[in-house]
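Shown next, in C-alpha cells, is the structure this report addresses.
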Amino acid sequence: MKGKLTRREMLRLSAIVGAGTLAAACGATPTAAPTTAPTAAPAATAAPAATAAPAATEAPAATATTAATTAAAATATTAPAAAGGAVPRNRTLILTNAGSKFTSMGLINPVAGMNHQEGMALLWDPLFYYSVFADKELPWLAESSEYNKDYTGLTIKMRKGTMWSDGQPITSADVKFTLDTYAKNEKIDYHGAVKDNVKSVDTPDDQTVVITFNAPSPRFKFEYLSLKFDTGFVMLPMHALKDAADVTTVQGKDSTFPHSGMFNVTQSPEQYVFDVRKDWWGFTTGFQKVPDVQRVLYVLSGDMTTVAQRVVNNEVDTTLDLRSATIRSVVDQNPKITTHTGKDWPLGYRDWWPNSLWVNTQLAPYSDPDVRWAMNYAIDRDTIDKVVYFGAKIATIFPYPEYPALNKYLDGARPIADKLGVRTFDLTKTAERMTKAGFTKDADGFWVKGGKRVNATINGFESIHADIVPVLVEMLRKGGFEAAPNFGNDAFQNMADGKPGLYMFGHGASVIDPYATLLLYHSKNAKPLGTTAGNNAFSRYKNPEFDKLVDAMAPLPPGDPGIVDIFNKAITIYWTDMIDIPIIQWLHRIPYNQTYWVNWPTQDNPYLNGAFWHWTFPLLVLGLKAAQ
C-alpha cells in the first residue's frame, strides 16, 4: 500500500497507545456518554495476538490499596439496605466504575431520566429479553407472542402471577398504558418509533395484548419490546402514573415507587445498594430461583487507576471494560481474574457497538464525499490491529458487529468493499481526493480551502477511547488533516449538535439483520442544521435512493431472502458515499474476579454478555454462583 507506515512510525504509534492507555487509567472520568459500549459477538472469533503483552510498567501496583478503597469495600456488609440488615461479602456483588457522581439519584421511574447503566436495570422487567451469545429470546413478563401472517399485528400473552413491587398485578392494561404513553409523550425515548408504528393496542383480557401496526412491522417486538444491550423499553405501572399530567416528571424517588424487578435500591451520593426482593413475582411463581447474589453494591472509584487496582485487590468483582494494557496487567496480577476469553487475547468479546468516525454530512467540508474518502484512505487499519489490539483483528470496514446472524450479509458484501477499495490505506489517494475537492496544502502540510483547514478534531470519551483516538489523530495528521483529540465534557454534545469535527462513536443498532443500522442513515433521521440529532443518527445523511432501499427492507422479516439484494445495494451506497468512516469492532475487555463469584459468562459458557451496565444485568445476577 502506498504511504505505508515506517517501522519508526509504528514504534511511535505503539508508544502513543501505551501513553494514552496509561493516561486514561490515571485520571479519566467518563464523560456523559450515551448508550455506552454494548455487547458483542463471541470473542472466540477474534484472533489472539501474536505480540508480547504490554510492559509491566503500565500495570497498577498490586499493593497500592488506599484507605478510601478499603473503606468502600467494607461497606459490603455495613451499607444501609432497603430490606435491612447486613449481607456478607460472599453474598455481595460489588461493581465499580470511574467517576464521582451518579446520574440516577432519586430517579426510579424509567421515563424520568433514570439511567439503567447504573445498576437500575435490576428494578425493571421487560416483556422479553434477548441473549446475543445464546442467540435466544427469553420471554419474561410475557409468556409468548405471535405475529400475524403479514406482520401487521402482534398478539402477546402475559405470564400469570406477575406483580408490581406493591402487590398489584401486572396485566395487559399496563402494556397498553405503556405503549399509549410512549406514542403520546414526545419527551420519551422511542416516542417516534411507537407513534410511527403502532396503530392501536387492544386488551381482550388481562393476559392478552393485541398490537395493530400501521404497516408491516416484523422487528417491532425485537427492537422495542425486548431488552438487549442498551435498547428496548420496560413496562410502566399504570396505577402509579395514570393520573400524572406528564409521566416524565414523576421521579419515583425511591423503591416505594412500584417496579417490576427483583431488587430494591437505597441510593446515596457515595453508593447504590440493591437488595434482592424475596417477594419478587419470579420467585413466588417458581419462574426463577433466588440467586446467590443477595446484594449488589455499586460504588464509584474516581479514576481508572483506582478502578483497576480495586479489581486486582479483590475489593470489587467487575467493572467497566478496560483498555488493552490495563486489562492485561490486571489479569496477570491476580490468578483469580479472568475475562470472556480467559487469560488469552483479546481478553474480551466483540460488542454490538462498532465505532466509526462520524461526520455531519450536511456541513462543509464534510458534506463532500471526496473529503470523507480522503480521510478513509488515511486510516491504516492493519496498523490499528497491530499497535492497539496486539494482533487481534478488530479494525473493520463495516458499521455492523460481526455476529453470526449478520455475517452472511457481511461476507457477501466483502467483494463490493474490495472493488471499491474501502480498506485501502493510501495517502496518494488521499491527496487525489482532496485535490479533486479543491484543497491545497499549506506550509505546515495541512489541507486548506478558502484559507481554512479541515477541522479534524476527534470528539470521543477518554475512559474508553484513550488508546485508539490518539492513533487515529496521528494517522489523520500524516494525511494532511489538522487532527487533535477532544475528550472534554462537550464531546457528546458536539456530536448531537453536529459541530465541526469528527465523532468517535458506535452504532447501537443491528444485531440480527441489517435493517436497524441502515435506518440510522434514512432521511427521516437527518435532522437539519441547528437542531440536535437524536438516536445517535449523527450523519444527518439524505439520499432518496438510499431511503427507497431502507423502506423496501422494512416489511421483510429478519432472515427473508429478499434482504440480501437490498442490503448489497444499500451497503454499496454507504461505502460509495462513505457516510461515516468505519474504524473498529468494539471490544468489551471486562475483568471477572472469581474470588467471590464464579459462572461468569465466557466463550466456553456463553449464556450472556458480561456487561453489567446493559439492560440484561438481571440475567447476569441470576447466572452468577457463589465461590464460597
Take the angle between the ring planes of [X] and [Y] and call it parallel below 30°, perpendicular above 60°, tilted in between.
X	Y	value
F461	F492	tilted
F220	F213	tilted
F283	W280	perpendicular

Evaluation steps, side-chain contact (heavy atoms from CB on, under 4.5 Å), between N214 and D196
CA-CA 7 Å; N214 291 313; D196 292 346; 5.8 Å; no
Compare all side-chain heavy atoms of [X] with those of [Y] and state whether any distance is below 4.5 angstrom.
X	Y	result
I211	L225	yes
M495	V359	no
T181	I188	yes
L122	F617	yes
T319	I590	no
V293	R91	no
D230	Q117	yes
T248	N185	yes

Would you say the ring centers of [X] and [Y] fall short of 6.0 Å from each other?
X	Y	answer
F222	F128	no
W140	F287	yes
H465	W586	yes
Y574	Y521	yes
Y130	F229	no

Check the side chains of [Y] and [X] for a donor-acceptor pair under 3.5 angstrom, ignoring hydrogens and angles.
X	Y	answer
Q294	D275	no
H507	D580	yes
T231	K228	yes
D206	S172	no
T152	N148	yes
H259	N264	yes
D246	T249	no
Y541	N543	yes

Nearest atoms (heavy-atom pairs only) where [X] meets [Y]:
X	Y	value
F505	W358	O-NE1, 2.9 Å
M114	M120	SD-CB, 3.7 Å
S356	P582	OG-CA, 3.2 Å

Quick one: does [X]'s side chain have a donor or acceptor within less than 3.5 Å of a partner on [Y]'s backbone?
X	Y	result
H522	K524	yes
S539	I579	no
T208	P204	no
S301	T96	no

State which residues pass ring pair (Phe, Tyr, Trp, His ring centres under 6.0 Å) with Y190; sequence neighbours excluded, sorted by chain then number.
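Y190: ring pair (Phe, Tyr, Trp, His ring centres under 6.0 Å) contacts with Y224, F233.
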Under 3.5 Å donor-acceptor pairs involving side-chain atoms of residues 101-113, not counting sequence neighbours:
residue	atom	partner	partner atom	Å
T103	OG1	N115	ND2	3.2
T103	OG1	E118	OE1	3.4
T103	OG1	E118	OE2	3.0
S104	OG	N115	N	2.6
S104	OG	E118	OE1	3.4
N109	OD1	V111	N	3.2
N109	ND2	V247	O	2.9
N109	ND2	V250	O	2.7

Are more than 12 heavy atoms from other residues, nucleotides or ligands located less than 6.0 Å from atom NZ of K221?
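Enclosed: over 12 neighbouring heavy atoms sit under 6.0 Å from NZ of K221.
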As a test of understanding, state which of V550, D551, L549 forms a side-chain contact (heavy atoms from CB on, under 4.5 Å) with I566.
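For I566, the side-chain contact (heavy atoms from CB on, under 4.5 Å) check succeeds only for L549.
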Audit row: I170, M235, side-chain contact (heavy atoms from CB on, under 4.5 Å) steps and yes/no:
CA-CA 9 Å; I170 301 174; M235 298 301 103; 5.5 Å; no
Any salt bridge between D490 and K499, counting N to O under 4.0 Å?
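Answer for the salt bridge query: no.
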Within 45° of the ring axis of Y515 and under 6.0 Å from its six-membered ring centre, is that where the NZ or CZ of R219 lies?
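Yes - R219 lies over the ring of Y515, closer than 6.0 Å to its centre and within 45° of its axis.
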Can you sort out the partners of I458 under side chain to side chain contact (heavy atoms under 4.5 Å, CB included), two or more places apart, ordered by chain and number?
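Expected list: L357, V469, L472, V473, L476, L502, M504.
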Interatomic distance, R310 atom CZ to L95 atom CG [nearest 0.5 angstrom]:
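Rounded to the nearest 0.5 Å, the CZ-CG separation comes to 10.5 Å.
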